Amino acid sequence: MTADRVRAIWCRELQRDDITSDDDFFVLGGQSLIMVRIQGAFIEELGAEVPMDQMFLNPTVASIAAYIDSHAALAP
């Protein structure tokens, strides 16, 4: 499940283990350098390219996972 994988990446990069699907990236202490590392992990581990603006528009595990899933469904 994408949300579980996104959550695992966030936990690792934010160095926390208490992240829920509705926690806000920025409230958790997320900032641009961590965001760039997460973007790289999404590409490497999920095969999903997530533009920076989508990271701002979808600041929770649930919303970014939904974004990734919706774009994967559109891929040829």
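Excluded from the calculations below are hydrogen atoms, water molecules and symmetry mates; all remaining heavy atoms, backbone and side chain alike, are included. Keep in mind that what you see is a predicted model, and the values were worked out from it rather than measured.
Here Leu28 contributes atom CG and Ile19 contributes atom CD1; the two are 5.0 Å apart, rounded to the nearest 0.5 Å. How far CD of Gln54 is from CD of Glu49: 12.0 Å, rounded to the nearest 0.5 Å. Summarising the geometry, atom CD belonging to Glu45 is positioned 4.5 Å from atom CZ belonging to Arg12; distances are rounded to the nearest 0.5 Å. Residue Asp23 holds its CG atom at 7.0 Å from CZ of Arg16, rounded to the nearest 0.5 Å. Taken from OG1 in Thr2 to CG in Asp69, the straight-line distance is 3.5 Å, to the nearest 0.5 Å.
The side chain to side chain contact (heavy atoms under 4.5 Å, CB included) with Glu13 is formed by just one residue from the set Ile38, Leu33, Val36; it is Ile38.
Not counting sequence neighbours, the partners of Ala62 by the side-chain contact (heavy atoms from CB on, under 4.5 Å) test are Ser21, Asp22, Thr60. Listed by chain and number, the residues in a side-chain contact (heavy atoms from CB on, under 4.5 Å) with Phe56 are Phe26, Met35, Met52 (sequence neighbours excluded).
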Start with the C-alpha distance between Val50 and Asn58, add both sets of side-chain angles, then the distance that settles side-chain contact (heavy atoms from CB on, under 4.5 Å), and finish with yes or no. CA-CA 10 Å; Val50 180; Asn58 298 289; over 6 Å; no

Are Leu46 and Val6 close enough, and set up right, to give a side-chain contact (heavy atoms from CB on, under 4.5 Å), and what steps lead you there? CA-CA 9 Å; Leu46 304 177; Val6 168; 4.0 Å; yes

Hey, mind stepping through Trp10 and Ile34 against side-chain contact (heavy atoms from CB on, under 4.5 Å) and telling me if it holds? CA-CA 9 Å; Trp10 282 28; Ile34 296 170; over 6 Å; no

Ile64/Phe42 under side-chain contact (heavy atoms from CB on, under 4.5 Å): CA gap, chis, key distance, verdict: CA-CA 10 Å; Ile64 205 69; Phe42 286 163; 4.1 Å; yes

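Environment of CD in Gln31: crowded, with over 12 heavy atoms of neighbouring residues, nucleotides or ligands closer than 6.0 Å.
Between Phe25 and Ser63 the shortest side-chain heavy-atom distance does not fall below 4.5 Å.
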